[in-house]
Peer 1: 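Take a look at this one; I'll ask things after.
Numbers here simply count residues along the sequence, with the first being 1. For clarity, every value in this text was computed on a predicted model and none was experimentally measured.
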Amino acid sequence: MNQLNNPTAQAVDNTLIYIFGFSLLLLLGITLVTIYFVIKYRRSKYPEPTSDAHGSWILETVWTVLPIIIVMTMFWYGWTNYIGLTQVPDNAMEVKATARMWSWQFEYPDGRKTDKLYVPVDKPVKVLLHSADVIHSFFAPAFRIKKDCVPGMETYVWFKATEPGSYDVQCAEYCGVGHAAMLTTIEVLPAAEYADWAKPQQADQEPRGLTVLNEQGCIGCHSLDGSDGVGPSLYQLAGKEQEVEKDGKSIEIKIDADYLKRSIREPNAEIVEGFQPMMPAYDQSTINDADLQAVVDYLLGKATAAKAGPDGATLIKENGCLGCHSTDGSESIAPTFKGLGGRQVTVESDGKEITITVDADYLRRSLLKPNADIVKGFSPMMPAADNLSPEEIDAIVNYLLKQ
Ligand code: HEC
Ligand code: HEC
Ligand SMILES: [Cu+2]
């Protein structure tokens, strides 16, 4: 709570100060006048009433009209500022927030998911609030915004941060044993840093094979888009039949990893029909075996698939698993993930107690049908991970097996 000059905080604070200011003024004024009269007209000094007033229309009008004006301005002030909290500026960026026992997940328009809310400074943000289970409440004190997240219903809040920083978000609706831990932050980044954060991470994830092709100048003779140059295009080679000249004879070869490795290490062993034998040989000292493998994987279309796959460590963070499970061995409401692969667990299955060694099947079942086997000593409160794709489930299972 280090900054309050943002629009929503100002709206709420101004209304509060206005109402509180008048209340304080009236409290002090009335108390002081009361004390003054009590002392001044005390009985020892004036045993008999001294005044004989029978009414004053001026006084009555003033003390009726003045309070009406005061409470009506309080209402007007409160009303307009409340409306301001519900009217989202047109240029607002939308983020979907999902509350679940006991974590927050934020989903951005490009599909990216995080457990903290990342936003650029000086940009209005509309947060669409959802709940995956019970009622939670999104409370960001620095922006003076608080709204319930209700299952089956969409609510929203908006805010605009005017200074970079990290601002607390807390669940403000008691939602079970993990409620107090249902904390996260709004990370407000300077515009340039946010753009950096939001840009697709393509550059970093370029497959190694492609990097080698560029670095070694292969692209000077080979295209990657299907057009032939000095050498044949390296586009979609996997499984292709290639006419080559080998020992003076023309034969047909099916392109596979061995053939590709040979084409690079000894390009003159087989010459592709229609091309000159002018490709230089690349030996171990130029392209080592690991890079050769990376190039071959890339040319066979394997590298990209492996790279783009979801990552288990990120998935368990994004999907709120760490709201209940730990990775450091500590246990409260749910078993820890530490040492899970190969662990012996005692579970209750159809009312019987059985001991199981944790393997991929068991983990998959735990995720998709968490109530089929209940780990002994814990309550059946794990939600089914049925919002995850099969690839994501696999990635999580592989990750958990290695814990
Ligand atoms: C000076 C131009 C040149 C350079 C540089 C070059 N090549 Fe070649 N490459 C060729 C030619 C010409 C052929 C076809 C004749 C042959 O088979 O040797 C060829 C054939 C190939 C083939 C067989 C393609 C097929 O369709 O069967 C592969 C694979 C290949 N090159 C990969 C590479 C890689 C990887 C590099 C970089 C490490 C590279 N080339 C660098 C000229 C080049
Ligand atoms: C609301 C709390 C909660 C959340 C969120 C949660 N779990 Fe669980 N999980 C539990 C509890 C409690 C158990 C033990 C009882 C049972 O077996 O159902 C459990 C059991 C498991 C088990 C079996 C563990 C063992 O020791 O045999 C696995 C695996 C698991 N959870 C993975 C996950 C993953 C992955 C996620 C995120 C997609 C997740 N859980 C989200 C509460 C939770
Ligand atoms: Cu909550």
Peer 1: Taking salt bridge (Lys or Arg N to Asp or Glu O under 4.0 Å) as the criterion, tell me which of Lys246, Arg265, Lys261 meets it with Glu270.
Peer 2: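 Running salt bridge (Lys or Arg N to Asp or Glu O under 4.0 Å) over Lys246, Arg265, Lys261 with Glu270 returns exactly one hit, Lys246.
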Peer 1: Do Lys113 and Phe106 form a cation-pi contact, if we require the NZ or CZ to be under 6.0 Å from the six-membered ring centre and within 45 degrees of the ring's axis?
Peer 2: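 That pair does not qualify as a cation-pi contact.
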Peer 1: Does the side chain of Thr8 come under 3.5 Å of the side chain of Asn6 through a donor N or O and an acceptor N or O?
Peer 2: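 Per modelled atom types, Thr8 and Asn6 side chains form a pair under 3.5 Å.
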Peer 1: Look at the rings of Phe159 and Phe143 and say which category their plane angle falls in: under 30° parallel, 30 to 60° tilted, over 60° perpendicular.
Peer 2: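 Plane angle between 30° and 60°, so tilted.
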Peer 1: Does NZ or CZ of Lys147 fall inside the cone over Phe138's six-membered ring, less than 6.0 Å from its centre and within 45° of the axis?
Peer 2: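 No cation-pi geometry.
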Peer 1: Between Trp104 and Met182, is there a donor-acceptor pair closer than 3.5 Å when you use the side chain of the first and the backbone of the second?
Peer 2: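 Yes; judged by distance alone, with no hydrogens or angles, the pair exists.
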Peer 1: Sort out for me which residue in Phe20, Tyr18, Phe22 forms a ring pair (Phe, Tyr, Trp, His ring centres under 6.0 Å) with Tyr77.
Peer 2: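 Of the listed options, the one satisfying the test is Tyr18.
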Peer 1: Do Leu189 and Tyr118 have side-chain heavy atoms sitting under 4.5 Å apart?
Peer 2: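 They are in contact (side-chain heavy atoms under 4.5 Å apart), so the answer is yes.
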Peer 1: Any luck finding a side-chain donor-acceptor pair between Tyr235 and Ser227 under 3.5 Å?
Peer 2: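 No, Ser227 and Tyr235 have no side-chain donor paired with an acceptor closer than 3.5 Å.
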Peer 1: Would you say Gln105 and Asn319 make side-chain contact, with heavy atoms under 4.5 Å?
Peer 2: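 SC-SC contact between Gln105 and Asn319 confirmed.
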Peer 1: Is any side-chain heavy atom of Asp228 less than 4.5 Å from a side-chain heavy atom of Phe275?
Peer 2: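 Asp228 vs Phe275: side chains touch.
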Peer 1: Are any non-hydrogen side-chain atoms of Glu318 and Thr114 less than 4.5 angstrom apart?
Peer 2: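 Sidechains of Thr114 and Glu318: no contact.
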Peer 1: Can you find a pair of side-chain heavy atoms, one from Asn91 and one from Pro124, that are under 4.5 Å apart?
Peer 2: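 When only atoms from C-beta onward are counted, Pro124 and Asn91 do touch, with a gap below 4.5 Å.
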Peer 1: Given Tyr298, which of Thr211, Leu210, Leu234 fulfils the side-chain contact (heavy atoms from CB on, under 4.5 Å) condition?
Peer 2: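 It is Leu210; the other options fail the test.
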Peer 1: Do NZ/NE/NH1/NH2 and the carboxylate oxygens of Asp291 and Arg208 come within less than 4.0 Å?
Peer 2: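 So Asp291 pairs with Arg208 through a salt bridge.
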Peer 1: Pairing donors with acceptors under 3.5 angstrom, does anything connect the side chains of Ser349 and Asp373?
Peer 2: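 Present: a donor and an acceptor within the cut-off.
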Peer 1: Does the side chain of Glu353 come within less than 4.5 Å of Val347's, by heavy atoms?
Peer 2: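 The answer is no; the side chains never approach within 4.5 Å.
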Peer 1: Using modelled atom types only, decide if a donor and an acceptor are shared between the side chain of Thr155 and the backbone of Asp148 within a distance under 3.5 Å.
Peer 2: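 Yes, Thr155 side chain to Asp148 backbone: donor-acceptor pair under 3.5 Å.
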Peer 1: Hey, is Asp122 close enough to Lys160 for a salt bridge, meaning N to O under 4.0 Å?
Peer 2: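 Salt bridge: no.
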Peer 1: Less than 4.5 Å apart, side chain to side chain, heavy atoms only: is that true for Glu391 and Leu315?
Peer 2: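 SC-SC contact between Glu391 and Leu315 ruled out.
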Peer 1: Please tell me if the side chains of Ile264 and Tyr282 come closer than 4.5 Å, counting only heavy atoms from C-beta onward.
Peer 2: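 With C-beta onward as the side chain, the pair touches.
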Peer 1: State, without any angle test, whether Asp297 and Gln293 hold a side-chain donor-acceptor pair at a distance under 3.5 Å.
Peer 2: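 Checked: Asp297/Gln293 side chains pair up, N/O donor to acceptor below 3.5 Å.
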Peer 1: So, Glu273 versus Ser250: side-chain donor-acceptor pair below 3.5 Å or not?
Peer 2: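 Looking only at side-chain atoms, Ser250 and Glu273 do form a donor-acceptor pair, the distance falling under 3.5 Å.
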Peer 1: In terms of side-chain heavy atoms, does Ser166 have a donor or acceptor partner in Glu187 at a distance below 3.5 Å?
Peer 2: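 Short answer, yes.
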Peer 1: Kindly compute the distance separating CG (Asn371) from CE (Met381), expressed to the nearest 0.5 Å.
Peer 2: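 Answer for the CG-CE pair, Asn371 versus Met381, is 11.5 Å.
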